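Here is the structure we will look at, set down as structure tokens.
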Amino acid sequence: MFDIKWIRDNPDAFDKAMSQRKNLSVRSADLIAIDERRRQVIVRLNEAQEKRNTLSKQIGQAKAQKDEAKAAELMAEVARLKDFIPSGEAEERAVEKELRDALSAIPNMALDDVPVGDDESGNVEYFGLNGSPATAAGMRPAKPSFAFAPKEHFDIGVADKNMDFEIAAKLSGSRFVVLKGQVARLERALGQFMLDLHTNEHGYLEVQPPFLVRDEAMYGTGQLPKFDGDFFFTAHGESRLALIPTAEVPLTNLVRESILAEEELPLRFTALTPSFRSEAGSAGRDTRGMLRQHQFNKVELVSVTTPEESVNEHERMLACAETVMQRLGLHYRVMNLCTGDMGFSARKTYDIEVWLPGQDTYREISSVSVCGDFQARRMEARYRPAGEKQAPRYVHTLNGSGTAVGRCLIAVLENYQQEDGSVLIPEALQPYMNGLTAIGGR
RNA sequence: GGAGAGAUGGCCGAGUGGUCGAAGGCGCACGCCUGGAAAGUGUGUAGGCGGGGAACCGUCUCGAGGGUUCGAAUCCCUCUCUCUCCGCCA
């Protein structure tokens, strides 16, 4: 959420940023007009309240001195104010809500180095800040070559036997899968491997959060109010709870409504959780296989930092996610998303796209975003800067997949498939697979 | 699900209609004291919003939201959460 004061002071920068986003007709002038009304109401209301408070104290004093006549006189005077105060309060609430509603539907503003573009065709490949492109690329596993035509994951022998879409459809409908045997085991191994990597080597705190959250939490990270239709909700008394579309929601909201000490930062959280998405707008897309499911496991990374550190933390988080690809020997590229392709809360986003030889294409397996204070303002998450008597400031939040387990399973299957339908197990996963070096062999 | 108790500042804890954003204690910060420290001692110690160049001033906030009243931490209503006992249960 934007700070209206910032918009007031930087209307041109705001309008320029909004023009770079897709399908938006937001103008600073409209917001400033609401704010103008809001402040007028506040000034009038405060004046009336001040008068009331002063007179009420005098009534108290008069009563203490048993001067009933004076008290009655003052009470008559203050009674006249009563016409305005309740309506003024109602008016203030209404205009505050109007402003908040308007602001909460506005997406974040891109950082200066984000490429401007309308859609994914405007994304730019990213080779890392440090070192030459060649150095960064040198850390990335090479594209595998095959002596046969590589298959898509669901056609590979071992997966074909252990990935049951038919029974899943009977249980739950389309876009669900039942994994069995060694494929189920491999999925579990991937999740454990990633979680261990981030907790043991990258300094993230393991968290096991709720998978059902209130609307307020979804609002805090920016999923609501705009994208209500993208998620699953379950009835809960008179109310409802959302099934988390990503662990970003509970992990980021861990700091909501709090004032942290600067010394505590950065906070780094990771969790392995299911993610639930309605995929309402993607009918007919990626219908085969388990690329796009209503439910999938994901290891999420969340960092909470100071404004000064958030951009560095973004690069660090990207490196943490890239390490997963590197350890698994999966070829990938990193894209710097353009303004038109970024999510609602992000100021800048890197997508890691893994190579899928069966599809002969790159597919997103991780998305790493820095959100600035956008979510913090929605969550009321602040920190007190070190040193004496500093006012609290909003924290900066970041989130990234580290990585999507379901899609990583697809990537391992497709990249390590053998002609006989078996799949080799990357070395890093073998300890999690009871030492197996391959699955699906005879 | 039934019955009951509770929610006050960073923490503990007073406060049941009047000058209370709120006693006292702890913690913390700065100072004094000390060769240095401890002890002692003094001062300070919430956030939001609005006005103002600033100093500062006003206003709102005692779980949340409404209401009663000239005036609410204190009275009423609704909600949320926590705790205890019973029931049920992985």
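Residue numbers start from 1 in every chain, and the chains themselves are labelled A, B, ... in the order their sequence lines are given, proteins ahead of strands. What you are looking at is a predicted structure, and each value in this text was computed from that prediction instead of being measured.
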So what does A/R377 hit on the nucleic acid, given a heavy-atom distance under 4.0 Å: a base, only sugar-phosphate, or nothing? nothing
Pick base, sugar-phosphate or nothing for A/K51, based on heavy-atom distances below 4.0 Å to the nucleic acid. nothing
Rounded distance in Å between the [atom1] positions of [N] and [M]:
N	M	atom1	answer
B/rG1	B/rG87	C1'	7 Å
B/rA7	B/rG65	C1'	15 Å
B/rG9	B/rC26	C1'	13 Å
B/rA64	B/rG6	C1'	16 Å
B/rC75	B/rA39	C1'	48 Å
B/rU43	B/rG36	C1'	24 Å
B/rA72	B/rA22	P	16 Å
B/rG10	B/rA23	P	14 Å

[N] [atom2] sits how many Å from [X] [atom1], rounded?
X	N	atom1	atom2	value
A/R393	B/rG47	CZ	C1'	17 Å
A/E380	B/rU61	CD	C1'	13 Å
A/Q49	B/rU61	CD	C1'	12 Å
A/Q58	B/rU19	CD	P	14 Å
A/R256	B/rG47	CZ	P	20 Å
A/N46	B/rG48	CG	P	16 Å
A/E216	B/rG63	CD	C1'	14 Å
A/E96	B/rU61	CD	P	14 Å

In 5'-to-3' order, the base (B), backbone-only (S) or no-contact (-) status of each nucleotide in nucleotides 66-83 of chain B, using a 4.0 angstrom heavy-atom cut-off, is S---BS--------SS--
Any stems for RNA chain B, made of 3 or more Watson-Crick or G-U pairs in a row, each with both distances under 3.5 Å? B:1-7 with B:80-86, B:10-12 with B:24-26, B:27-32 with B:40-45, B:46-51 with B:56-61, B:63-67 with B:75-79
Measuring from A/Y204:OH to A/L197:CG, what's the distance to the nearest 0.5 Å? 10.5 Å
Can you measure from CG (A/D196) to NE2 (A/H202) and round to the nearest 0.5 angstrom? 12.0 Å
Partners meeting salt bridge (Lys or Arg N to Asp or Glu O under 4.0 Å) with [X] (sequence neighbours left out):
X	answer
A/R214	none
A/E248	none
A/E427	none
A/K5	none

Please enumerate all residues that pass side-chain hydrogen bond (donor to acceptor under 3.5 Å, both in side chains) together with A/R363, with sequence neighbours excluded. A/D286, A/Q359
Ionic contact status for A/E152 with A/R288, cut-off 4.0 Å: no
Taking 4.0 angstrom as the limit, do A/D12 and A/K16 come out as a salt bridge? no
Consider the side chain of A/R384, meaning its heavy atoms from C-beta on, and name the nucleotide among B/rG50, B/rU59, B/rA46 that approaches it most closely. B/rA46
Any residue meeting ring-ring contact (aromatic ring centres under 6.0 Å, His included) with A/Y432, in chain and number order, not counting sequence neighbours: none
With sequence neighbours excluded, tell me which residues meet side chain to side chain contact (heavy atoms under 4.5 Å, CB included) with A/N297. A/E187, A/L272, A/P274, A/V405
Under the side chain to side chain contact (heavy atoms under 4.5 Å, CB included) test, which residues partner A/S258, sequence neighbours left out? A/V255, A/L260
May I have the list of side-chain donor-acceptor pairs in residues 336-344 of chain A shorter than 3.5 Å, sequence neighbours left out?
residue: A/T339; atom: OG1; partner: A/Q20; partner atom: O; Å: 3.1
residue: A/T339; atom: OG1; partner: A/G117; partner atom: N; Å: 3.0
residue: A/T339; atom: OG1; partner: A/G117; partner atom: O; Å: 3.1
residue: A/D341; atom: OD2; partner: A/N123; partner atom: ND2; Å: 3.0

Looking at RNA chain B, which of residues 31-44 of chain A put a heavy atom within less than 4.0 Å of it? A/R38, A/R39, A/I42, A/V43
